[in-house]
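Have a look at the structure below before the remarks.
Just so it is clear: chains get the letters A, B, ... in the order the sequence lines come, proteins before strands, and each one is counted from 1.
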Number of protein chains: 2
Amino acid sequence: MSTRRETVRQALTGSTGFRSAQDLYADLRAEGSKIGLTTVYRALQALSETGEVDVLRTNEGEAVYRACDTEQHHHHLVCRVCSTAVEIEGPAVEAWATEVGTRYGFTGVTHTVEVFGTCASCASR
Amino acid sequence: MSTRRETVRQALTGSTGFRSAQDLYADLRAEGSKIGLTTVYRALQALSETGEVDVLRTNEGEAVYRACDTEQHHHHLVCRVCSTAVEIEGPAVEAWATEVGTRYGFTGVTHTVEVFGTCASCASR
DNA sequence: GGGAAAATGAAAACGATTGTCAAAACGCGT
DNA sequence: ACGCGTTTTGACAATCGTTTTCATTTTCCC
């Protein structure tokens, strides 16, 4: 829709890992854009609602976003140094989650999985 | 050590699911305690550092705590209505996480897994 | 071009959490 | 019980990410 939302999407797509709203705002301002922080937040919220970007929370409670290759259900392997993320799948995990949920009588079972580590290039430094 | 910390621990242990710092503060004040909010935060921070309680973030970014039966690595099956939590294990998930991590050259691989659903008693209402 | 509707951004509001600092509680040797 | 140094506590202010407000600007459609 809007130009601004597209700007934010591209800023995200051009980045390697998860970025916070504040990060993206700083990036865009640094490259000369006159975008406002509010608009960045709104764009990210809209993009996450349509499933175009993934959201997760850091341990500090900050929301971080990433434009994903696929809109299908998947998880991330994230480098805890440079925050580069690899999209991964885990059929075994999917099955396990629903199985353990129903075993305890839970319905509408969903799950979140995040895998963290230090990527090869960061480890070699 | 301190009496206050013990008070907070017991408040947590006496609860069924995950509670936020603010929840616990409200609970304690409601039952007549003169504890301060700052102290509740400090107690929870100390308890989480020793591994006596588990911490996770809600999608809204609020930190929630739970006194767990075991201090070993485990995950939770949480009711999204009443937030009651069941401690679960998933050897398959543990193996999968480290396997996928090392496959991509990541070291020091850790992971977070949370399973959500609606528990039987909440679903029947 | 004109006007309603949507988008924008600066600033204020908000809510969770943390920092500050003086008062209160505690430990402990006497 | 009595100081006295140390730790803990809690009211309050400060911080930080995020959301809301609202007036202005832009977009869209006729």
Counterpart residues, salt bridge (Lys or Arg N to Asp or Glu O under 4.0 Å), relative to [X] (two or more places apart):
X	answer
A:Glu52	A:Arg9
A:Glu71	none
A:Asp27	A:Arg19

With [X] via side chain to side chain contact (heavy atoms under 4.5 Å, CB included) - residues at least two apart:
X	value
B:Ser33	B:Arg4, B:Leu28, B:Ile35
A:Arg42	A:Thr38, A:Thr39
B:Ser121	B:Cys119

Exercise. Step by step, would you call B:Leu44 with B:Leu12 a side-chain contact (heavy atoms from CB on, under 4.5 Å)?
Worked result: CA-CA 10 Å; B:Leu44 289 171; B:Leu12 244 196; 4.1 Å; yes
For this session: Please list all pairs passing the ring-ring contact (aromatic ring centres under 6.0 Å, His included) test where one or both residues lie in residues 12-63 of chain A, with sequence neighbours left out.
Result: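 Found A:Phe18-A:His76.
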For this session: Kindly state each residue pair satisfying ring-ring contact (aromatic ring centres under 6.0 Å, His included) with at least one member in residues 94-122 of chain B, sequence neighbours excluded.
Result: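 Non-adjacent pairs meeting ring-ring contact (aromatic ring centres under 6.0 Å, His included): B:His73-B:His111, B:His75-B:His111.
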For this session: Could you note down all residue pairs passing salt bridge (Lys or Arg N to Asp or Glu O under 4.0 Å) where residues 85-101 of chain B supplies at least one of them, sequence neighbours left out?
Result: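 Listed by first then second residue: B:Arg66-B:Glu87, B:Glu99-B:Arg103.
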For this session: Could you state the atom-to-atom distance from CG of A:Leu44 to P of C:dA7 in whole Å?
Result: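 Checked: the CG to P distance equals 16 Å.
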For this session: Calculate the interatomic distance between A:Gln45 atom CD and C:dG9 atom P; express it in whole Å.
Result: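 Going from A:Gln45 (CD) to C:dG9 (P), I get 16 Å.
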Exercise. Has A:Arg4 got a side-chain N or O lying under 4.0 Å from the OP1 or OP2 atom of C:dG9?
Worked result: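 For A:Arg4, the contact criterion (side-chain N or O under 4.0 Å from OP1 or OP2 of C:dG9) is met.
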Exercise. Looking at residues 53-67 of chain A, who's got a heavy atom less than 4.0 Å off DNA chain D?
Worked result: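 Close to the strand are A:Glu62, A:Ala63.
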Exercise. For DNA chain D, which residues in residues 20-42 of chain B have a heavy atom at a distance below 4.0 Å?
Worked result: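 Only B:Lys34, B:Ile35, B:Gly36, B:Thr38, B:Thr39, B:Arg42 qualify.
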Exercise. To the nearest 10 degrees, how far apart in direction are the end axes of the helix from C:dG1-D:dC30 to C:dT30-D:dA1, each fit to five base pairs?
Worked result: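 Inter-axis angle at the termini of the helix from C:dG1-D:dC30 to C:dT30-D:dA1: 30°.
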